[in-house]
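One structure below.
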Amino acid sequence: GENVEQHPSTLSVQEGDSAVIKCTYSDSASNYFPWYKQELGKGPQLIIDIRSNVGEKKDQRIAVTLNKTAKHFSLHITETQPEDSAVYFCAASIRVSSASKIIFGSGTRLSIRP
Amino acid sequence: DSGVTQTPKHLITATGQRVTLRCSPRSGDLSVYWYQQSLDQGLQFLIQYYNGEERAKGNILERFSAQQFPDLHSELNLSSLELGDSALYFCASSAIAGGHNEQFFGPGTRLTVL
């Protein structure tokens, strides 16, 4: 069945340093990979996404890379700031007929040390 | 603010009871998704509706059911509640059902079963 594994489960980095979160997926039919950020007491919010015909995408301090052959994708946050502290979820979306089903990873709790 | 509203914000009930969670999608969004997030767990996809019709199903228990009404709001019904059903329940909406598009999450309903 479909599965998305995410590592690490917790990550603590010094403010200004980079953070990397990695995910692997099992279903080779997956073709859309969103990343969500969940702050305390709130619902998840999309921060960046990548489609399977693209290897890398960047948005200011955030970048995502995709390796379809190895079935893994990563989130890179550079020059981390205190407001980056949150739980981050990767996900893989599979198109089923005219709908899409999203499978989420188990989440990474990122803490930025001042 | 994502534009997705969920009520109630908190719900405390006893085992064996039945509850209804309500979600109003963003204006113009036709698709509604329900997710369950247990403590320190990822997001488990439960079910998706598009314009009133069930479109995709995830790991939804038979004790749970959902529907989407003509005004596009959705309700998730949880019956014969067990202690393990205690979790955050999120609703998300998107503009369309097909393809891969951003899902906007509501603030969630925290269900506590005693």
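Note on naming: letters A, B, ... go to the chains in the order of the sequence lines (proteins, then strands), and numbering restarts at 1 for each one. Here the structure is a predicted model, which is why all the values come from computation and not from measurement.
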Are B:Val113 and B:Trp34 linked, directly or through other ILVMFWY residues, by side chains that come within less than 4.5 angstrom of each other? yes

Out of curiosity, A:Ile103 CD1 to B:Asn59 CG, how far, rounded to the nearest 0.5 Å? 7.5 Å

Given the rule that I, L, V, M, F, W and Y join up when any side-chain heavy atoms are under 4.5 Å apart, are A:Trp35 and A:Val20 in one cluster? no

Linking I/L/V/M/F/W/Y whenever their side-chain heavy atoms sit closer than 4.5 Å, directly or via other members, would B:Tyr33 and B:Leu78 fall into one cluster? no

A:Pro44 versus chain B, the contacting section by heavy-atom distance below 4.5 Å: both

Side-chain contact, heavy-atom cut-off 4.5 Å: A:Phe89 with B:Gln37? yes

Nearest non-hydrogen partners of A:Gln38 and B:Phe90, listed with the distance: NE2-CZ, 3.3 Å

When you compare the side chain of A:Ile102 with that of B:Tyr35, does any pair of heavy atoms fall below 4.5 Å? yes

Going by atom type alone, with no hydrogens or angles, which donor-acceptor pairs under 3.5 Å involve a side-chain atom of residues 2-11 of chain B and a protein atom two or more places apart or on another chain?
from, atom 1, to, atom 2, distance (Å)
B:Ser2, OG, B:Val4, N, 3.2
B:Ser2, OG, B:Phe105, O, 2.7
B:Gln6, OE1, B:Cys91, N, 3.0
B:Gln6, OE1, B:Gly108, N, 2.9
B:Gln6, NE2, B:Tyr89, O, 3.0

B:Gln103 side chain near A:Tyr36 side chain, heavy-atom distance below 4.5 Å: yes

Please enumerate all residues that pass salt bridge (charged side-chain N to carboxylate O under 4.0 Å, His left out) together with A:Lys58, with sequence neighbours excluded. none

